[in-house]
Amino acid sequence: MSRVLIVGAGLTGSLCACLLRRELPNKVKIVVWDKSRGAGGRMSTSRSPSDPFCTADLGAQYITATPYYARIHSSFYEELLDHGILKPLETTVEGMMSKEEGLLNYVTPMGVSSIVKHYLKESGAEVLFDHHVTHIYQKGTGWEVCRKGGAAEQFDAVVLTMPVPQILQLQGDLGSLIGENEKQKLEAVSYSSRYALGLFYKADVHINVPWAAKYIANNPCIRFIAIDDKKRNLVSGQCGPAVVIHTSVPFGVQHLEEDKEEVQPIIMAELDKLLPGLPPPDNIKCQKWRYSQVTRSVTDCPGQMTLLSKPLLVCGGDGFTHSNFDGCIESALKVFEVLKSSL
């Protein structure tokens with residue numbers, strides 16, 4: 001059996017692991033490493049430190065399917081709908097700009113990370129968190145992969161699904177394996193940056209606004225606010241509400257190199273102007289998304305880039321497609337094709 005390491009427990013990595021298990025069950029031993037403390041990547045769901053039932057999606061807010069992707073990725077949508085992981089968005093999102101007819105919007109009742117967790121569970125992979133990859137070395141017919149504060153391990157194939165700048169930061173043999181043309185393509189990838197705040201409340205608190213989520217126009221700091229439980233149609237008396245705030249990209253870029261502790265009060269002060277009288281939260285989580293959404297993806301590499309075919313080293317993720325659910329599915333399918341043909 002080939003031992004395959006997938007670096008990154010986000011949507012691309014988790015779906016790739018799931019496809020491997022379903023299609024090559026007797027050929028692969030799947031291992032997933034992620035540097036974070038939990039699954040999801042930019043599809044992360046945070047919990048209140050004082051109430052595990054009070055959750056907030058600090059990354060992706062809802063999933064939009066165009067008629068084209070609803071058709072070609074119908075099996076993925078149907079599976080998640082059948083499991084109750086996706087449900088149609090029923091509440092109002094004020095200021096949502098729909099550029100296309102026939103768009104379908106979905107929410108995740110259990111939080112957006114439930115999609116990633118579903119695929120990881122289906123994959124049967126050995127999933128290890130707090131595993132931050134630093135070096136990759138070619139060793140004979142395989143790879144030696146090193147991580148912060150841990151022993152190096154051997155793998156037959158490696159899949160890298162983290163943001164492209166983090167791929168370029170890896171030490172070891174990677175620099176000599178990437179050709180000049182490939183390196184230029186990878187270095188040209190760009191991402192937007194933003195901050196997200198999650199405000200967690202006690203069970204008896206009510207947030208009195210007439211919408212579930214709202215895009216804010218012409219504000220230098222805040223771009224989006226969601227009453228997260230209301231958006232997910234989850235309102236109950238058993239746990240408190242959660243409010244999510246996303247900053248604008250210009251604000252995110254302006255404050256990118258500052259500490260979260262310095263930026264959080266600025267966002268809270270702006271929020272107070274937009275929603276005066278909002279009750280004080282029980283807890284606050286501030287998330288810095290350095291790599292929020294891809295603004296320029298890798299050119300001429302739809303879905304993946306194979307850095308070496310023997311032993312296999314392949315990159316994927318939204319940096320090779322586009323930053324949404326369907327972009328990650330596209331990449332996972334392309335990476336899986338490469339793995340299937342070489343394992």
Side-chain angles (χ1 to χ4, degrees), residues 10-11 14-15 40-47 53-119 194 196-201 206-217 222-236 238-248 274-275 287 289 292-293 318 322-330:
L11 180 54
S14 63
L15 179 53
R42 281 162 285 164
M43 284 189 145
S44 73
T45 303
S46 294
R47 299 181 183 281
F53 296 104
C54 181
T55 63
D57 289 329
L58 295 187
Q61 292 297 302
Y62 52 87
I63 285 164
T64 300
T66 63
Y68 171 73
Y69 282 121
R71 187 177 76 253
I72 69 162
H73 292 160
S74 60
S75 62
F76 299 99
Y77 282 102
E78 284 162 15
E79 177 181 338
L80 295 172
L81 286 161
D82 286 347
H83 281 81
I85 293 163
L86 282 188
K87 288 200 172 166
L89 174 69
E90 294 173 0
T91 50
T92 307
V93 178
E94 280 193 14
M96 186 194 283
M97 289 183 290
S98 50
K99 300 167 189 166
E100 205 176 321
E101 289 295 313
L103 296 177
L104 298 169
N105 293 302
Y106 298 102
V107 287
T108 45
M110 295 170 286
V112 74
S113 67
S114 61
I115 298 172
V116 173
K117 289 173 180 174
H118 168 75
Y119 288 133
R194 70 177 79 237
L197 282 190
L199 312 184
F200 301 99
Y201 291 88
H206 296 281
I207 309 293
N208 295 314
V209 293
W211 36 264
K214 182 177 185 175
Y215 285 93
I216 310 294
I222 294 174
R223 180 69 184 105
F224 178 83
I225 305 173
I227 316 303
D228 215 40
D229 47 319
K230 196 172 174 183
K231 177 196 77 188
R232 293 191 257 151
N233 211 14
L234 263 195
V235 182
S236 76
Q238 294 175 322
C239 67
V243 177
V244 172
I245 301 100
H246 277 190
T247 72
S248 69
L274 290 169
L275 296 180
Q287 172 77 48
W289 293 116
S292 176
Q293 288 177 299
D318 62 351
H322 41 94
S323 283
N324 58 21
F325 178 74
D326 291 291
C328 292
I329 289 180
E330 270 193 6

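Here, residue 1 is the first one in the sequence, and each next residue gets the next number.
For the pair W289 (side chain) and L58 (backbone), a donor-acceptor distance under 3.5 Å is present. Not one N or O on the side chain of R47 forms a donor-acceptor pair closer than 3.5 Å with the backbone of C54. A donor-acceptor pair under 3.5 Å is absent between the side-chain atoms of K230 and the main chain of I207, judged by distance alone. Distance alone, capped at 3.5 Å, places no donor-acceptor pair between the H118 side chain and the S114 backbone. Between the side chain of T45 and the backbone N or O of S113, at least one donor-acceptor pair lies under 3.5 Å.
You'll find the side chain of F325 reaches within 4.5 Å of the side chain of L80, heavy atoms only. The side-chain heavy atoms of Y106 and K87, taken from C-beta on, include no pair separated by under 4.5 Å. Here the side chains of I329 and L15 are in contact, with some heavy-atom distance below 4.5 Å. For the pair M96 and L89, the minimum side-chain heavy-atom distance is below 4.5 Å.
Evaluated for a side chain to side chain donor-acceptor pair (under 3.5 Å) with D326, the options Y68, Y77, Y69 yield exactly one hit, Y77. Exactly one of T92, D57, V244 qualifies for a side chain to side chain contact (heavy atoms under 4.5 Å, CB included) with K231. That residue is D57. Here the rule is side chain to side chain donor-acceptor pair (under 3.5 Å) with R232, and of T108, T91, T55 only T55 fits it.
Considering all non-hydrogen atoms of both residues, L81 and L86 come closest at CD2-O, 3.3 Å. The two atoms that bring Y119 and F76 nearest to each other are OH-CD2, 3.8 Å, heavy atoms only. Considering all non-hydrogen atoms of both residues, M43 and V112 come closest at C-CG1, 3.5 Å. Minimum heavy-atom separation, S292 to R194: OG-NE, 3.1 Å. Closest approach of C328 and L11 over heavy atoms only: CB-CD2, 3.6 Å. Taking all atoms of both residues into account, the shortest heavy-atom contact from D228 to A56 is OD2-CA, 3.2 Å.
To the nearest 0.5 Å, atom NE2 of residue H83 and atom CD1 of residue I115 are 13.0 Å apart. To the nearest 0.5 Å, atom OG of residue S46 and atom CG of residue L197 are 11.0 Å apart. Separation of atoms CD1 (I245) and CD (Q287) is listed at 13.5 Å; rounding is to 0.5 Å. For the atom pair CD1 of I222 and CG of L275, the computed distance is 8.0 Å after rounding to the nearest 0.5 Å.
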For a side chain to side chain contact (heavy atoms under 4.5 Å, CB included) check, start with the C-alpha distance between R42 and D318, then their side-chain angles and the critical distance, and finish with the verdict.
CA-CA 11 Å; R42 281 162 285 164; D318 62 351; 2.9 Å; yes
I227/W211 under side chain to side chain contact (heavy atoms under 4.5 Å, CB included): CA gap, chis, key distance, verdict:
CA-CA 8 Å; I227 316 303; W211 36 264; 4.1 Å; yes
Could you walk me through whether L274 and K214 satisfy the side chain to side chain contact (heavy atoms under 4.5 Å, CB included) test, starting with their C-alpha distance in whole Å, then the side-chain angles of each, then the deciding distance to 0.1 Å, before giving a yes or no?
CA-CA 11 Å; L274 290 169; K214 182 177 185 175; over 6 Å; no
Please assess N105 against V93 for the test side chain to side chain contact (heavy atoms under 4.5 Å, CB included), listing each intermediate value before the final yes or no.
CA-CA 10 Å; N105 293 302; V93 178; over 6 Å; no
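The aromatic rings of H246 and F224 sit tilted, their planes meeting at an angle between 30° and 60°.
Heavy-atom neighbours of E100 CD from other residues, nucleotides or ligands within 6.0 Å: above the threshold of 12.
Applying the side-chain hydrogen bond (donor to acceptor under 3.5 Å, both in side chains) rule to S248 yields no partners; only residues at least two apart in sequence or on another chain are considered.
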